[in-house]
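Here is the naming used below: chain letters follow the sequence lines, and residue numbers restart at 1 for every chain.
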Amino acid sequence: MYIYNSLTNKKEEFVPLEPNKVKMYVCGPTVYNHIHIGNARPIIFFDVVRRFLEYLGYQVVHVSNITDVDDRIIEQAGREHVSETEIARKYTEAYVTELKRLGVKPYHHMPKVTDHMNHIIRFIEELIAKGFAYEVEGDVYFRISKLKDYGKLSNQALEHLEVGARITDHDKKENPLDFTLWKKTDKGIQWDSPWGQGRPGWHTECVTMIHHHLGPIIDIHGGGSDLKFPHHENEIAQSEAVAHTPLAKYWMHNGRLMIDEEKMSKSLGNVILLKDFLNQYDGNVLRYFMLSTHYRQPLNYTDEAIRQAQKEIEKVTSAYQFLTHKLDFFDPDGNETETPELKALKDEFIAALSDDFNTPNAISTLQTLLKTINRKIRRSQLTKAELMELRGMRRLLQTFLEVLGFSIAVTHLTEEDKTLIRLKEEARKNKNYELADQYRAQLQKKGIYL
RNA sequence: GGCGCCAUAGCCAAGUGGUAAGGCACGGGACUGCAACUCCCUGAUCAUCGGUUCGAAUCCGAUUGGCGCCUCCA
């Protein structure tokens, strides 16, 4: 298993901190609105990371937070004329529903900022006690000058950052690049702290939750590439300040989603909300579209690409369904067989995903399997050995779908269905096509194409 | 200005030193009573220029075009 580590910019062999266990954290959304399809990329990708690691036998703990305290939530509350709590509740609920529709395995923990306020405050106190943070008039800032290697994840040199840093509004800071841990405020929702009423800064919540749920050092930390700086950089800074160990062994960053070669943004008016997409397409379609490009590459959303993905999903579904019906109809007894050909496909699939989660190649293998199935299944006469082989194919297909997270429902034949099929075949044999077509229509109505 | 990424057939997309995987679309063919599903065949020298090498899409340099981050956007 090899993973490209954003921290070292190298593909490295994956060795978990503890044998067979993987602790993984992925930054979650700020619930001020419905999430958009760009947000879905890390969600889908890291779901596959987790699924594959589990397939390899690792015990994975997958944590992803919900940011339910933020300026944008306060603004949205103003717009919708309800409380921040209500905004957060509403969009959290929507988010959770959409995760299900995307077929994402439930996270082991989905911590909220509001449930961790005590931990956050305690964490900031510790930073102050250790000299890594300082309070100014109710605000608390992180003192980056105390760290030798600040900027190592994003490869930013301090002197260059300072040039580009904003000059306004940090007159209170020792260094313009010091970031906010606690912000004094008199508007919007606020909490009591040793520094007065206020809200935590964004960068502290993730570290706090990681430490709380997974410990001071984890295996994999994931997120969008645009979070590298400053968010992840600041997470590292805080964590190392307190724990004196690296926060994560492997940092993984997915590339951006573009819409028709353009950045998705409100100003361009091309934002596609996930819920709107899911009203039009199956969640599998988005998953297929996203997995068909390597996660570190930029991904361009076009209608054409979605159409192609949709077509592929239909192909997978029909083959899987047809195969299932075929096996139901013949109902062979005996075990499934894994031929050398199938074993080779399985190995190829594992090899693809073991190489920094090369999902495009894994999908390629899936397509080869589909072709293999379709070639065999088309024959009307099948020997028992061939049926056992088909069973092996179905097992492998199910494995591929499970690892990639496609949830495709298939039906099984009832005794009545089988009778209909026999009647249809008999009518055809007697060249009574009118009758055969009647039976066929009945069967097709139930989605049976045998 | 700094850091970083991308450019492969009409479209999507692997491949990162040994003579370009796979898929979609198009076209041709097969199967079928008809239809659907399916299967087979068919296409590119890898943005441009230069260099390294026996050999480069793959390494180095330059150029062009596009993008991200450096402001709490995944």
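- In this pair, A:Phe179 and A:Tyr150 present their aromatic rings parallel. The plane angle is below 30°, not in the 30 to 60° band.
- At a threshold of 4.5 Å between non-hydrogen side-chain atoms, the residues A:Ile121 and A:Trp195 count as touching.
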For residues 443-450 of chain A, please give each side-chain donor-acceptor pair under 3.5 Å, one per line with the distance, not counting sequence neighbours.
unit_1   : atom_1 : unit_2   : atom_2 : d
A:Lys446 : NZ     : A:Asp417 : OD1    : 2.6

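- Counting non-hydrogen atoms under 4.0 angstrom, A:Lys431 reaches nothing in the nucleic acid.
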Under 3.5 Å, which N/O atoms of the protein pair with N/O atoms of nucleotides 44-48 of chain B?
none

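- Atom NZ of A:Lys424 and atom P of B:U32 are 15 Å apart (whole Å).
- Computed from coordinates, the A:Tyr288 OH to B:G22 P distance equals 14 Å when rounded to whole Å.
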List the atom pairs, with distances to 0.1 Å, where a side-chain N or O of residues 313-326 of chain A and a protein N or O form a donor-acceptor pair under 3.5 Å, not counting sequence neighbours.
unit_1   : atom_1 : unit_2   : atom_2 : d
A:Thr317 : OG1    : A:Ile313 : O      : 2.7
A:Ser318 : OG     : A:Glu314 : O      : 3.3
A:Ser318 : OG     : A:Lys315 : O      : 3.2
A:Tyr320 : OH     : A:Gln398 : NE2    : 3.0
A:Gln321 : OE1    : A:Thr411 : N      : 2.9
A:Gln321 : OE1    : A:Thr411 : OG1    : 3.3
A:Gln321 : NE2    : A:His325 : NE2    : 2.8
A:Gln321 : NE2    : A:Thr411 : O      : 3.0
A:Gln321 : NE2    : A:Thr411 : OG1    : 3.4
A:Thr324 : OG1    : A:Tyr320 : O      : 2.7
A:His325 : NE2    : A:Thr411 : O      : 3.3
A:His325 : NE2    : A:Thr411 : OG1    : 3.0
A:Lys326 : NZ     : A:Ile377 : O      : 3.1
A:Lys326 : NZ     : A:Arg379 : O      : 3.2

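- With a cut-off of 3.5 Å on both pairing distances, B:G55 has no Watson-Crick or G-U wobble partner at all.
- Relative orientation of the A:His253 and A:Trp251 rings is parallel, given thresholds of 30° and 60° on the angle between their planes.
- Proximity of A:Pro200 to A:Glu205: side-chain heavy atoms (C-beta onward) are nowhere separated by under 4.5 Å.
- Nucleotide B:G17 has no partner under the Watson-Crick or G-U criteria, as no pair reaches both atom distances under 3.5 Å.
- Distance CD (A:Glu314) to P (B:C24): 12 Å, rounded to an integer number of Å.
- The nearest whole Å value for the distance from the CD1 atom in A:Ile373 to the P atom in B:C37 is 18 Å.
- Nucleotide B:G1: paired with B:C70 (Watson-Crick or G-U wobble, both distances less than 3.5 Å).
- Across all strands shown, B:C37 forms no Watson-Crick or G-U wobble pair with both key distances under 3.5 Å.
- Remark: of the listed residues A:His116, A:His108, A:His119, A:His116 is the sole one forming a ring pair (Phe, Tyr, Trp, His ring centres under 6.0 Å) with A:His213.
- Atom NE2 of A:His203 and atom P of B:U71 are 10 Å apart (whole Å).
- In this structure, CH2 of A:Trp202 is placed 12 Å from C1' of B:U71, rounded to the nearest angstrom.
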Side-chain donor-acceptor distances from residues 89-99 of chain A under 3.5 Å, at least two apart:
unit_1  : atom_1 : unit_2  : atom_2 : d
A:Arg89 : NE     : A:Glu86 : OE1    : 3.2
A:Arg89 : NH1    : A:Glu93 : OE1    : 2.8
A:Arg89 : NH2    : A:Glu86 : OE2    : 3.0
A:Lys90 : NZ     : A:Glu80 : OE1    : 3.0
A:Tyr91 : OH     : A:Glu80 : OE2    : 2.6
A:Thr92 : OG1    : A:Ala88 : O      : 2.5
A:Thr97 : OG1    : A:Glu93 : O      : 2.9

Nucleotides 29-31 of chain B: which of its N/O atoms have a protein N/O under 3.5 Å away?
unit_1 : atom_1 : unit_2   : atom_2 : d
B:C31  : O2'    : A:Arg378 : NH2    : 3.0
B:C31  : O2     : A:Arg378 : NH2    : 2.5

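- When the nearest nucleotides of RNA chain B are assigned to A:Thr302 and A:Arg72 by heavy-atom distance, the more 5′-ward of the two goes with A:Thr302.
- For A:His212 and A:His109, the ring centers sit 6.0 Å or farther from each other.
- Heavy-atom nearest nucleotides on RNA chain B were determined for A:Phe289 and for A:Gly28, and the one closer to the 5' end corresponds to A:Phe289.
- Residue A:Phe322 is classed as having no contact, given no heavy-atom separation below 4.0 Å to the nucleic acid.
- Within residues 343-365 of chain A, the residues approached by RNA chain B to less than 4.0 Å at the level of any non-hydrogen atom are A:Asn358, A:Pro360, A:Asn361, A:Ser364, in residue-number order.
- Remark: A:Lys343 engages A:Asp347 in a salt bridge (Lys or Arg N to Asp or Glu O under 4.0 Å) (not counting sequence neighbours).
- With sequence neighbours excluded, no residue forms a salt bridge (Lys or Arg N to Asp or Glu O under 4.0 Å) with A:Asp115.
- Scanning residues 291-300 of chain A for heavy-atom distances under 4.0 Å to RNA chain B yields A:Ser292, A:Thr293, A:His294, A:Gln297.
- When ring centroids are compared, A:Phe46 and A:His62 stay outside the 6.0 Å threshold.
- In this entry the distance linking CD of A:Gln321 with C1' of B:U38 reads 16 Å, nearest Å.
- Near-neighbour residues of RNA chain B inside residues 250-258 of chain A, defined by a heavy atom below 4.0 Å, number-ordered: A:Asn254, A:Gly255, A:Arg256, A:Leu257, A:Met258.
- Under 4.0 Å is where a charged nitrogen must lie from a carboxylate oxygen, and between A:Asp47 and A:Arg287 at least one such pair does.
- A ring pair (Phe, Tyr, Trp, His ring centres under 6.0 Å) with A:Phe14 is found for exactly one of A:Tyr250, A:Phe357, A:Tyr2, namely A:Tyr250.
- Not counting sequence neighbours, A:Lys249 has no partner by the salt bridge (Lys or Arg N to Asp or Glu O under 4.0 Å) test.
- A:Tyr288 and A:Phe406 have tilted rings, their planes meeting at an angle from 30° to 60° on a 0 to 90° scale.
- Remark: the A:Gln308 side chain and the B:G23 base include a donor-acceptor N/O pair separated by less than 3.5 Å.
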Item to check | Criterion side chain to side chain contact (heavy atoms under 4.5 Å, CB included) on A:Glu233 and A:Lys152, from CA distance to verdict | outcome: CA-CA 8 Å; A:Glu233 201 72 72; A:Lys152 63 184 167 189; 4.2 Å; yes
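- A distance-only check finds a donor-acceptor pair linking the side chain of A:Asn65 to the backbone of A:Gly28 [under 3.5 Å].
- In the displayed structure, A:Lys105 atom NZ is contacted under 6.0 Å by more than 12 heavy atoms of other residues, nucleotides or ligands.
- Among the nucleotides B:G33, B:U71, B:C39, the one closest to any side-chain atom of A:Leu177 is B:U71.
- Residue contacts for A:Gly223: at a heavy-atom cut-off of 4.0 Å it reaches the sugar-phosphate backbone alone, with no base atom in range.
- Counting any heavy atom pair closer than 4.0 Å across all strands shown, A:Lys429 reaches no nucleic acid atom.
- Across all strands, A:Asn374 comes closer than 4.0 Å only to sugar-phosphate atoms, never to a base (heavy-atom distances).
- Of all the residues in residues 435-450 of chain A, A:Asp437, A:Arg440, A:Gln444 reach under 4.0 Å from RNA chain B with at least one non-hydrogen atom.
- Looking only at side-chain heavy atoms (C-beta outward), A:Ser145 and A:Leu147 stay at 4.5 Å or farther from each other.
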